[in-house]
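Okay, so here's the structure we're looking at.
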Amino acid sequence: MNLLFILAMIVPLDTFEMASGVRVKGDNLYLSGGFRGGYVIYKIKVPEGAVKFRMSLKMKNLSGSSMGIYLKNWGKMRSTNLPPRITKIDSSFFLWEATDMDEWFSSRPEFLYLKQGESFKFVKDGYIKILLYAGGGFFKRGRFLIKKIDIDFSCIPDTLYKLIKTDTLLGIDGERIYAEAFFRYPSGRNEAQKRALALRGARIIGEKRIQDVFRKAGLPVPENFEVLSADYRDDGVIVKVSAFLNL
């Protein structure tokens, strides 16, 4: 059972945050690379409960060049080969794909997780930023008439999301819900037995936390769990237990 649902959004083309080489032409947006390269940046509100997103656009390619689709990354990973124009704007943009097609749909991958560990965090303060880039030059420059930009967010149910957000021991990582749990080492055992029993006890507590929040939300309870991490302390172990939202 897939608990995630799609929330579709059309990006108003005239609501860009920053741009160069851009003109609004009726319902469309004209983007030209000029001599140094042209760009347009959109800051887009992410709906609550969103875990991943995909994107598509329709345009008329007037030059035969490729348009670059970039995403602002607040994570630790950085691009190593950005066009100089983008580097001067913000070197934290990351190339998603490039296309010369009049209709483009994200495919590498189709859906991007908003957060992927410490390396990729495409959302901050509830927003993502998308940059469309047209290459520049004296003899050939990118020229595009952008007609439509669509973004689909894949979200978890609102009831479940609110319960997770109000519990400091629960969280979301990609398509997983996780719970943190602590269990003290039992007395009267050797070191190996203490660790094994504490790990088992913490895992049971974590699994129960996840099951309870699904019951409160009125949703089917996960049956398969995985221990993502175990931190053995002096007095016990802290584990992070997870279950997929896609049951």
Side-chain angles (χ1 to χ4, degrees), residues 1-7 44-54 71-77 109 111-128 152-247:
M1 178 181 178
N2 190 358
L3 298 178
L4 302 176
F5 67 94
I6 298 295
L7 187 59
I44 299 161
K45 181 69 175 177
V46 176
E48 287 194 348
V51 296
K52 58 183 181 177
F53 66 104
R54 65 185 176 190
L71 298 169
K72 168 82 172 176
N73 179 26
W74 283 278
K76 294 181 178 179
M77 183 67 72
F111 277 94
L112 271 179
Y113 289 108
L114 291 164
K115 297 179 181 178
Q116 302 173 47
E118 295 298 318
S119 296
F120 296 102
K121 295 181 181 180
F122 296 116
V123 59
K124 184 177 181 182
D125 299 328
Y127 288 90
I128 61 173
D152 292 335
F153 290 97
S154 185
C155 309
I156 67 174
D158 186 59
T159 51
L160 180 60
Y161 177 75
K162 288 181 178 178
L163 288 169
I164 294 171
K165 295 300 289 184
T166 56
D167 191 330
T168 58
L169 296 175
L170 294 172
I172 301 168
D173 184 6
E175 285 190 26
R176 298 172 183 263
I177 175 176
Y178 67 84
E180 293 185 355
F182 173 78
F183 198 90
R184 289 186 178 278
Y185 297 130
S187 59
R189 307 277 181 161
N190 63 43
E191 193 66 25
Q193 289 175 329
K194 286 181 180 180
R195 287 193 168 211
L197 290 171
L199 179 63
R200 181 183 177 186
R203 176 170 183 160
I204 291 172
I205 293 172
E207 290 178 2
K208 186 176 184 303
R209 283 192 176 130
I210 293 174
Q211 291 170 338
D212 286 347
V213 78
F214 273 78
R215 290 191 183 98
K216 289 178 182 178
L219 297 170
V221 175
E223 297 179 355
N224 298 316
F225 298 89
E226 179 183 355
V227 175
L228 295 179
S229 63
D231 182 12
Y232 293 94
R233 305 288 181 89
D234 292 338
D235 56 346
V237 61
I238 299 174
V239 302
K240 184 182 286 187
V241 182
S242 74
F244 279 104
L245 291 165
N246 189 357
L247 304 179

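The first residue of the sequence shown is numbered 1, and numbering continues consecutively from there.
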Tell me, yes or no, whether the heavy-atom count around Glu48 atom CD, taken from other residues, nucleotides or ligands under 6.0 Å, exceeds 12.
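It does not: Glu48 CD has 12 such atoms or fewer within range.
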Return yes when atom NZ of Lys45 has more than 12 non-hydrogen atoms of other residues, nucleotides or ligands closer than 6.0 Å, and no otherwise.
yes
Closest non-hydrogen atom pair between [X] and [Y], with its separation:
X: Asp173; Y: Lys115; result: OD1-O, 4.4 Å
X: Phe120; Y: Met77; result: CZ-CG, 3.6 Å
X: Pro222; Y: Ile210; result: CG-CG2, 4.2 Å
X: Phe122; Y: Gln116; result: CE1-NE2, 3.7 Å
X: Leu170; Y: Ala179; result: CD2-CB, 3.5 Å
X: Ala181; Y: Gly206; result: CB-N, 3.7 Å

Do [X] and [Y] make a side-chain contact, defined as non-hydrogen atoms from C-beta onward lying under 4.5 Å apart?
X: Val46; Y: Phe153; result: yes
X: Phe214; Y: Ile177; result: yes
X: Val213; Y: Asp167; result: no
X: Phe53; Y: Leu71; result: yes
X: Arg200; Y: Phe183; result: no

Please report the interatomic distance [atom1]([X]) to [atom2]([Y]), rounded to the nearest 0.5 Å.
X: Leu114; Y: Lys52; atom1: CG; atom2: NZ; result: 10.5 Å
X: Asp152; Y: Phe111; atom1: CG; atom2: CZ; result: 6.0 Å
X: Gln211; Y: Glu223; atom1: CD; atom2: CD; result: 9.0 Å
X: Ser242; Y: Glu207; atom1: OG; atom2: CD; result: 10.0 Å
X: Ser154; Y: Leu7; atom1: OG; atom2: CG; result: 10.0 Å

Is the terminal nitrogen or CZ of Lys240 (NZ for Lys, CZ for Arg) located under 6.0 angstrom from the six-membered ring centre of Tyr178 and within 45° of that ring's axis?
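Yes, cation above the ring, under 6.0 Å and within 45°.
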Evaluation steps, side chain to side chain contact (heavy atoms under 4.5 Å, CB included), between Ile156 and Leu3:
CA-CA 6 Å; Ile156 67 174; Leu3 298 178; 6.0 Å; no
Whether Arg203 side chain and Phe225 backbone form a donor-acceptor pair below 3.5 Å
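Judged by distance alone, yes, a pair lies under 3.5 Å.
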Can any side-chain N or O of Asn73 pair as donor or acceptor with the backbone N or O of Lys121 at less than 3.5 Å?
yes
Using a distance-only test with no angle check, is there a side-chain donor-acceptor pair under 3.5 angstrom linking Tyr113 and Glu175?
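Yes.
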Please set out all donor-acceptor pairs under 3.5 angstrom arising from side-chain atoms of residues 226-238, sequence neighbours excluded.
| residue | atom | partner | partner atom | Å |
| --- | --- | --- | --- | --- |
| Glu226 | OE1 | Arg176 | NH1 | 3.0 |
| Glu226 | OE1 | Arg176 | NH2 | 3.3 |
| Asp231 | OD2 | Arg233 | NE | 2.6 |
| Asp231 | OD2 | Arg233 | NH2 | 2.9 |
| Asp235 | OD2 | Arg184 | NH1 | 3.4 |

Hey, are Lys208 and Asp212 close enough for a salt bridge, meaning a charged N less than 4.0 Å from a carboxylate O?
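The answer is yes: the pair qualifies as a salt bridge.
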